[in-house]
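So the structure is just underneath, and the comments pick up after that.
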Protein chains: 2
Amino acid sequence: MYICIVKLENAIQSNKFKSEVQKAGLNILYTAWWLKTLSCKELKEFGLTHEQYNVLRILKGKHPNQMCVKDIAGRMIEKNSNVPRIIDRLVVKKLVKRTQGEHDGRQTVMALTQAGLSVLESSTNKIDEIYEATVSLNNKDAAALNNLLEKIREKEK
Amino acid sequence: MYICIVKLENAIQSNKFKSEVQKAGLNILYTAWWLKTLSCKELKEFGLTHEQYNVLRILKGKHPNQMCVKDIAGRMIEKNSNVPRIIDRLVVKKLVKRTQGEHDGRQTVMALTQAGLSVLESSTNKIDEIYEATVSLNNKDAAALNNLLEKIREKEK
DNA sequence: ATAAAATACATGTATGTACATGTAATAAAA
DNA sequence: TTTTATTACATGTACATACATGTATTTTAT
């Protein structure tokens, strides 16, 4: 049991930031890594990786209907994820059932199996629990954070 | 030229968030991916990956002195990075010089080469430029964001 | 001084990212 | 209708992550 290193300066052992904006960039990257690590540790006992969990969560959104690869990819957090290969592994574990598309022969369509649904539910409970215990942020702060993050990304590209 | 998708709801095509806190978690992960993609695209023309750039930046902090693997690893944003192998690639490109430690034979110590310093400087200029043009956040907002992110991580673990 | 423990790093494997390219099915154009 | 373009996905490669394990060197304990 030890106190988590809070300050970015400690986490990456540097205090030479050009600006608050540059520091914010690093802070977002570091916090994302921290959050990801947090849930990965929990997911491991369910035999899932972060991205496999993400795909299961997305599939649940349409359950018991099927989704094609493209629809899943569009909902992934990391857009360059190679969805077909993540699904390969979920199919091997029988958490997802994959069949050829009917009205469009190019598509492969996926649905959660009963096992997939059940693993998803227990792992989600576990992650919610950990977040509850570890991510210290009230609703008001979370809303402020959401606004700031969306502000960052608002420029044309 | 198109307008960047701002809202997380659009980015991951979902609006079923359990709470602002859960949404904030996803928002951080997505924004980190967005930032990373932004700089990766620029780094590519310098033949660098995100993590290789991070190592060069860290080495510059002590330049022209050397650093060992452990010191570099402690400063990485993603703590599970496999520093020895990232360095392998930088050595091949002659951006970093690696030698055996003297006062401790277990260590390998690294320093930037002149080429490494020069690539680092031009790529840093390019990235600063892109951030300036794309990351829309003023200093006050950035400071608020930094506080919120550090607040998230403040719990014991 | 010798054995045991710890440290610093290298290496191996499964999985994922980022991106290029290939292939079959569908849609659009001539 | 036939050609051409596009779409949806599969596959390949280089690099990175996450984690386990191996190896040499140093430190500590006996």
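Computed from a predicted structure; not experimentally measured.
- The shortest side-chain heavy-atom distance between B:N147 and B:K151 does not fall under the 4.5 Å cut-off.
- Between A:Q66 atom CD and D:dC9 atom C1' the separation is 16 Å, expressed in whole Å.
- In the set C:dA18, C:dA10, C:dT26, C:dA10 carries the atom at the smallest distance from any side-chain atom of B:V69.
- Taking 4.5 Å as the limit, some side-chain heavy atom of A:N54 sits within range of a side-chain heavy atom of A:I58.
- Residue A:S81 places no side-chain N or O under 4.0 Å from the OP1 or OP2 atom of C:dG16.
- Considering only side-chain N and O atoms, A:K44 lies nowhere under 4.0 angstrom from the phosphate OP1 or OP2 of C:dA14.
- Looking at which nucleotide of DNA chain C each of B:R85 and A:K93 is closest to, the 5′-most match is held by B:R85.
- The nearest whole Å value for the distance from the CE atom in B:M76 to the P atom in D:dA18 is 11 Å.
- Checking the phosphate oxygens (OP1, OP2) of C:dA25, no side-chain nitrogen or oxygen of A:Q100 falls inside 4.0 Å.
- Across the protein-nucleic acid pair, B:L38 atom CG and C:dA18 atom C1' stand 15 Å apart, rounded to whole Å.
- Residue B:C68 is classed as a sugar-phosphate contact, given heavy-atom separations below 4.0 Å to backbone atoms only.
- Not a single donor-acceptor contact under 3.5 angstrom links the side-chain atoms of A:R89 to the base of C:dG16.
- Counting to the nearest Å, the C1' atom of D:dA24 and the CG atom of B:D104 are 11 Å from each other.
- Annotation: of the two residues near DNA chain D, B:E102 and A:V83, the 5′-most nearest-nucleotide partner is A:V83.
- Nearest to the side-chain atoms of B:K70 among the listed nucleotides C:dC9, D:dG12, C:dA25 stands C:dC9.
- B:T49 has no side-chain polar atom (N or O) that falls below the 4.0 Å cut-off from OP1 or OP2 of D:dA14.
- Taking atom CG of residue B:L43 and atom C1' of nucleotide D:dA14, one finds them 16 Å apart after rounding to whole Å.
- Between A:V109 and the options A:I72, A:T99, A:D104, a side-chain contact (heavy atoms from CB on, under 4.5 Å) holds for only A:T99.
- Distance, B:D88 CG to C:dT11 P: 8 Å, rounded to whole Å.
- In terms of heavy atoms, B:Q22 sits closest to B:F17 at OE1-CA, 3.4 Å.
- Here A:N82 lies in heavy-atom contact (under 4.0 Å) with a base.
- B:W33 has no side-chain polar atom (N or O) that falls below the 4.0 Å cut-off from OP1 or OP2 of C:dG16.
- Nearest-nucleotide positions on DNA chain C for A:H103 and A:E51 put A:E51 closer to the 5' end.
- Between A:L29 atom CG and D:dA16 atom P the separation is 16 Å, expressed in whole Å.
- Between B:R153 and A:T31, the side chains place a donor N or O and an acceptor N or O closer than 3.5 Å (distance only, hydrogens not considered).
- When distances are taken from the side chain of B:K36 to each of D:dA8, D:dT17, C:dA18, the shortest belongs to C:dA18.
- The distance from atom CG of A:L35 to atom C1' of D:dA18 is 17 Å, rounded to the nearest whole Å.
- The shortest distance between the side-chain N/O atoms of B:Q107 and the OP1/OP2 oxygens of D:dA24 is not below 4.0 Å.
- Closest to the side chain of A:R106, from the set D:dA8, C:dC9, D:dC9, is D:dA8.
- Judged purely by distance below 3.5 Å, without hydrogens or angles, the side chains of A:T124 and A:Y53 pair a donor atom with an acceptor atom.
- In this model, the phosphate group of D:dC19 is approached by a side-chain N or O of B:N80 to a distance below 4.0 Å at OP1 or OP2.
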